[in-house]
Structures are given as structure tokens and as C-alpha cells.
Number of protein chains: 2
Amino acid sequence: MSTPQIIEADLTWTGESFEHGVQIAIEPDGCIGRVGRELRSAARKLPNRAVLPGMINAHSHAFQRGLRGHGERFSQRAGSFWSWRETMYELVQRMDADTFYRLSRQAFGEMLAAGVTTVGEFHYFHHDASCDGYGFDEIVLRAAADAGVRIVLLNAYYNRGGIDQPLAQGQLRFRCGSVDEYWQQMDRLGDIVDPPTQSLGVAAHSIRAVSIDDIVALDDEASRRDLVFHMHIEEQSKEIDDCVAAHGLRPMALIHDRLSINPRFTAVHCTQTAAADMQALLEAKGNVCICPLTEANLGDGIPDLRRILHSDGCICLGTDSNARICFTEEMRWLEYVQRLATRSRGVCVDESGGCARKLWRIATINGARALGIRAGRIEPGYAADLVALDLHAPTLAGWTEDTLLDAFIFGSGSEAIAATCVAGQWTEHRL
Amino acid sequence: MSTPQIIEADLTWTGESFEHGVQIAIEPDGCIGRVGRELRSAARKLPNRAVLPGMINAHSHAFQRGLRGHGERFSQRAGSFWSWRETMYELVQRMDADTFYRLSRQAFGEMLAAGVTTVGEFHYFHHDASCDGYGFDEIVLRAAADAGVRIVLLNAYYNRGGIDQPLAQGQLRFRCGSVDEYWQQMDRLGDIVDPPTQSLGVAAHSIRAVSIDDIVALDDEASRRDLVFHMHIEEQSKEIDDCVAAHGLRPMALIHDRLSINPRFTAVHCTQTAAADMQALLEAKGNVCICPLTEANLGDGIPDLRRILHSDGCICLGTDSNARICFTEEMRWLEYVQRLATRSRGVCVDESGGCARKLWRIATINGARALGIRAGRIEPGYAADLVALDLHAPTLAGWTEDTLLDAFIFGSGSEAIAATCVAGQWTEHRL
């Protein structure tokens, strides 16, 4: 039986503050064992490093990394989410398996370098050009394993082009034939995943792409299997108008009407959500996933964060389109967009007024809750998923134990990240 | 007589596009000589590099780098610009000359690593604890020289604590006794600056800190000496209310009433400026400096960029408080904040609809105009101030000549910058 590795960085984040002299035992199974002082005198020292839990990216479409640098020209008319989607569909139509692997691998590698140790991959791109066989599902798992990142494959059901509209062109690559077929494929994926670092979740793409009856059926079975359930909700007003026309209710209201929301449920975006509908989601303890860089790039609008926070809502973060992968940028702009909208400072704060600490919880503990994994904390029994900051990074210069987290979140990017650890396996990013 | 160095990167930005095979002659005086193909067969190749003009940071307070990680806790009440200013004044009061040098040097070094080759340092922190002698003016010039960045010292006049209010505490460190004393110090600084990389500009801190008569006197003499003139204008509503109470006009309207605005004039922030006043500034060809990261951090509000762009206004960018120094982040969020506010994409675009190209002009050519320097273009007679991108940087992966600028601005941070060149002197940032 192998013994745990024991590490001791200059500073360790305990959940409330950085402390000296804390040793972390990483068990052979990839989980954290004991945490404390003087576990063993021969702990491996990590000099000039501060260790924190790795960050958790609760919403990604890795293949969209292929759009980086594309879709930013606007001849004649201003662009929109929908003109961007056309560019994305062009990428989809020319995608082969090799490219799909390469782009996914690239995105996951950049995430790890950005301190993201778990990605919730909202995966709806199932098929190669034959539009059959779900071959891309396995590729995305392999790309995550090769990049060394933990993945929760939020396998997404998609089976229509819009309310009462058939799938068209590129959308055929996303097709799930039926809910039964979806669960058959989930069973196959259950056999493939590598348990130490891979697990499954359920996603219904959106109210556009899935009928409400199918959404209910998916959520019922997800509940029976104790899997998390994610959905894009109310990112764009057109989706809301279409839903009201068909059902007489906005998407979030329709979901409340038909589903029993609970902490397993994550609504992604909610940039256009009505106050009462948001309140109902929060009272049911559903999660809200915000994707600041992507929502800004796509002009989605500004979510009502004050309301969510006032109700003690569980917000998490996602890199979504991966046009830019930098988790400190996601964190600070979650707060900054609110500062601009409210002309005040300190919207996202914890009970003691700490902004960085609140953002850090959002990026770690809350992400883990939305993905249904034991990660995001340096505590016994949690995944040994860590990020090590370089205390000599120029962007951190001037730090004290008391200001380091603030300097990292508000003043730094991925350049301050020296190494990451996923299930006990370290990757050095700069040396 | 020494000969020019001739360089040839894989790709060179010509102002409109990236091209292969372009050689740049850098003359011994630190300026660009000829630019073209086959200047000399023995050009020094820069493999895996794309060369562009260095970026121009038109508004900085370098010493505020000392606040990184501070001022982000909000006990009891929400914070504001004014509560932040209290934190800044605390930093000011404990600042000695060594710390002032160290913080300035740190900020300028980070700027260079972020591809900024010129900083417009809006410098109002003149004195050590004796509150006399202008000793810090020389320090800021020395810090820039030691960091290797070109500086336009926008030497700032500051002589009251608010309209009809005396200087208080920390503000005594900023004090200029009179306009005459200011120009005597400017003459001394004129003898000290190192002409190849240092020049002077004039600044009046704000309508709060300088009387309108002194502003007029400063601008008259700046005009006679052909120096640029910068001013903070309408960042916060309190300043506007105070000005209306004292003068019956808002700050920008008062400036128009008393000064003759022209392209030498740069108004910094304008987050609260009335439409008619902005229109008048633009018709007079004044510049507007926006500081996206700082204005977001301070909750200043969102400038009406569409109006400015519709009138072909000259927008430039500044890192201001230096809480975060990343010029691609400044560029993309200049655009993204507008996308969120207007729920559309492509606000900052050039005549052909290019967003990245427009942002790049803002970060280079427009900044040079606001600072009154011949820089920001790779053309004969311009400063040999360059940035070299690493074409193997992971954040750029997938680039083509056609998408490289977009991938850099929307998808990358300073990690893609391999080297910078200021007046012909190269600094490597990663190897």
C-alpha cells in the first residue's frame, strides 16, 4: 500500500485565510487526507508558493475555443448573439474528430494553466459528419484526461432547432434521437468514465432545443440517479418571446411550473430573468451559473446579482465560449459589471464585507456544488485539486497574507499560477 | 557613425494587416528608418514573432500600484470612489521616497511586460513628507528610465482640496504653490528629461483641485509651449454637483466656456458627461481617455461611447490606478462594457466593421496623439517602440494572419508578449 504525499507550501488557504505551516496529506486515491500542522516532519516543502483549492469552471463548451479570433467583424449591421451563432455553426459544420479533439485538448490545457482543476463541460456536440454514433462524447473525455483536468461531463440533450422547428444543418451534429436513446448513451458513458477524475451530469440544452416534456423526463431520471441537472435559461430575449408564445410562460416560469427545483439544478446565464422567477429559483435553492466574459462578448446583458446575493443564492462561474480563458478575469468582472451598473463598489461581498473571499467561494465551493463533486475545499475527503500561486509573480508583488487573495483576484491573471494539482497529480505551468 | 539594426519578424503589422517579409530599420537615434522588403539581406530574423507598434497607456498614476489588493473590503456600507480615495490617501501619507520609487518602478515594469511602451504618467504626487521640494518628480522619471519605458510626464497642478476648500493632510504632498512655481518646476524638469524617451505634458488635476482661472493660465502657457494638456473630467457626480453650485455650469461646460479646446486637450474619464458637452468636445477635436479597468473597479459608470464614435472622436486608453495592468483586458472591456449596456455586439468598429483593428488604433495611434508623441505606427520617423508577440503562445493557438489581432485582443493577456522594444532597446519578457 502506497503512502500519502505530504506537502507544505509557504501559505495555505484554509477557507477563511492564508496560514503558515499547514501540511496537506494527499492520499493515493487522489483525495485529501489529513490537513494540519506537523503531520510529518518530512513534508515536501513548496517554497514561494501559496496553495489554494483549484477553481471550478461550471460551464464550458470546449470546442468553441476554435472560434477564438473569429466572429468579431461587423460589416453593415451590428452583431448579436444570433449572428455569432451563425459563425459557431460554420465551425461545427467543418469539424472532424481530430479537430474536435485538438480544440478540446487546447481549451482544457488553457483552463488548467488558468488554475481551473475541474471543468463542467456542457457537451452537446455528439456526432461527426455522419451525424450519428456519439463518437465525440468519448473524445471530449479523452481530451480532458490528456490535459489532466477533472471533468464533469454535463451530457446535453438536444433534439430540435427551436420551438416546433426541426434540426437544421449543423444542429444535426448535436442530435439526440429520444430520451431513451440519451440514457442508453449515458449508460455507455458510465462505463467509460475514469472515476478518479471523471463523472457525469445531465443537461437539457435549452427551452429552444428540448421540449418541456422531455425536460421533465430527463430531470426525473437525473433525480433518480442523483445526477446534477443543468440548462441554459434566458440568455436572450428571443428565446423568452418564443417560449411565451408557445406556452404562455417565460422559460424560467415554465421550468418552475413543471420541475421540482432543488440544489441539483443549475440555471446558466439568467441574464434576462424576471425578478419573481429568480426569487422562486433561489427559494428552491437552485444554482445560477454566470459567465461574465462570454455574456459580455455576446452582449447578453447584466444579471440582477444583487437580488441573487440578497437571497443568499448560490452563484457559480463558467468560461462558456472560451473566447478568453482566465478565471481571475471572470471573477473580477462578475463584480465589476455590477459596480458599473450600480455605480457603487462591493456588490459581491461576504458577511464580513470581503469581496475577494466571496468571489473565491463562487469560483470554488459554489462551482463544486453545482457540479455535484466533493472539491473546492482543502479538507479531508475532498479531491486533492489544488492551485499553487507563485509568490514571486510580479503581478502579486507587495502581497501580505492579508491582501494576497485580493491581489490575485483583482490584480493578476494566469501568469501568477505556478502549478496545479488534480487528484494528486501535479502539472507545473511556469518554472 | 553606427549603422541601423534591421529586423524581420515572421509577421509585421503595417497598420492595416499583418504581412510577411517586412524589414524594419531601427536607427541609432531610436527612431524607425526605412520599412520595407529587402532592405538588407542580413536582417536579424525574429522567428515565431509578430511585431506590432507598442501600446500607449495615456493615463497612469504609477504609485497607486501600492494599493493592489487593498481597498476591496466593504464593512457595513457599500464602497464608493470616495471611500476608495480614503484608502489611497492612507497610502500617500505613509509614502517615502524609496517606496515611491519601488512602486513606480514596479508599475512601469509590469506595463512593459504588458506591451505598453509609452506611459502618460499623470503625476500629481510631488513631495516627500516635508511637503516641499518636488523631489518625487525626478523619482518618477528615474523609475521609468530604469524600467525601460518611454514616459510623457503629464506634470499635474494641484492646489486645493475641493472647490473653496484648503488642502488637507495627504493632499499637501500634491501641492503646487502657484502657477508661476509650477512653470519654474517644469523648466527644471525640462533640463532633467532624457529626450530620446522622455518628454513633458501639462495637467490640471481636476475642477476640484484647480481653480478655473489657474486652469486657463496653465492651458495658455501649455499652448504657447506646444505641450499637451490633460485633465480628469466628470468621473463622479459629486464633482459635477459642486461645480454647478459654484459656477452654474458642469465641469465640461465650464471648460468649454473658458478654454479653447483643440487636439492638444485630453479629457480623462467623462463617465458622467452630458451629451451636448461631449459633442462640443468632439467638434473641437479634443481627446477622451477611458480607463475601463479602473472605472469598473471604482464604479464610475459607463461612458457614452456610441456618441463619441459616431462623431469620429479620438478615444485613448489608460491603466489609471494600476490595480490590474493588462492592456488587452483594457481593450476588450472597453468594447464589452458597451456590448452589455447596449445588448449588441460590435460597438467599437472601424469603417469596415473591424472591432480589433479599431481597438488597436485606440491603444496605439490615438494614445500617441493624446500624448503628443510620434509613436504608435511602424513608419519612418516614428519611435522604434515595438511589441513582439510569441506566435507559439497557447492563448493565440489557432491564429491565422487574418485572425491574429482578434485572437490577441479578445483571447489573450500579457502572456502572449515575448518582448518589447523602446527607442531601439529590446527587453525580453519570456524565453
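Below, chains carry the letters A, B, ... as their sequence lines are ordered, and counting in each starts from 1.
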Check: From B:S344 OG over to A:F74 CZ, what is the distance, rounded to the nearest 0.5 angstrom?
Finding: 9.0 Å
Next item on the list: Let me know if B:R65 has heavy atoms under 4.5 Å from chain A in its side chain, its backbone, both or neither.
Entry: side chain
Checklist line | Pairwise distance CD(A:E415) to OG(B:S414) - rounded to 0.5 angstrom | finding: 6.5 Å
Item checked: Selection from B:A323, B:S412, B:A341, B:A356 maximising heavy-atom pairs under 4.5 Å formed with chain A -> B:S412
Checklist line | B:W84 to A:R345 - nearest heavy-atom pair and separation | finding: CB-NH1, 3.6 Å
Next item on the list: Please state whether the side chain, the backbone, both or neither of A:C355 comes within less than 4.5 Å of a heavy atom of chain B.
Entry: both
Check: Can you tell which of B:L103, B:V337, B:L293, B:V349 has the highest number of heavy-atom pairs within less than 4.5 Å of chain A?
Finding: B:L293
Item checked: B:T342 portion near chain A, given a 4.5 angstrom heavy-atom threshold -> neither
Item checked: Top contributor to chain A contacts, counting heavy-atom pairs under 4.5 Å, from B:Q272, B:R357, B:E351, B:E335 -> B:Q272
Next item on the list: Can you check whether anything in residues 398-408 of chain A gets within less than 4.5 Å of chain B, heavy-atom wise, and list it by number?
Entry: A:D402, A:T403, A:D406, A:A407
Item checked: Closest non-hydrogen atom pair between A:W333 and B:P292, with its separation -> CH2-O, 3.9 Å
Next item on the list: Using a cut-off of under 4.5 Å on heavy-atom pairs, state which of A:V347, A:T395, A:I409 scores highest against chain B.
Entry: A:T395
Item checked: Pair B:E72 + A:R339, salt bridge at N-O below 4.0 Å -> yes
Checklist line | By ring-ring contact (aromatic ring centres under 6.0 Å, His included) - contacts of B:Y101 (at least two apart) | finding: none
Next item on the list: Run the salt-bridge test on A:E295 and B:R343 with the 4.0 Å N-O cut-off and return the result as yes or no.
Entry: no
Next item on the list: Quick one: pull up CG in B:N297 and CZ in A:R332 and give me the separation to the nearest 0.5 Å.
Entry: 10.0 Å
Next item on the list: Select, from B:G71, B:G354, B:G301, B:G66, the one with the greatest count of heavy-atom pairs under 4.5 Å involving chain A.
Entry: B:G301
Note to self: Treating B:R68 as the side-chain partner and A:L396 as the backbone partner, does any N or O pair qualify as donor plus acceptor under 3.5 Å?
What the structure shows: no
Next item on the list: Below 4.5 Å from any heavy atom of chain A, which atoms of B:L298 appear? Answer side chain, backbone, both or neither.
Entry: both
Margin query: I'd like to verify something: which residue of B:Q106, B:H70, B:Q338, B:E329 has the highest number of heavy-atom pairs under 4.5 Å with chain A?
Written below: B:E329
Item checked: Close side-chain approach of B:R324 and A:T328, heavy atoms under 4.5 Å -> no
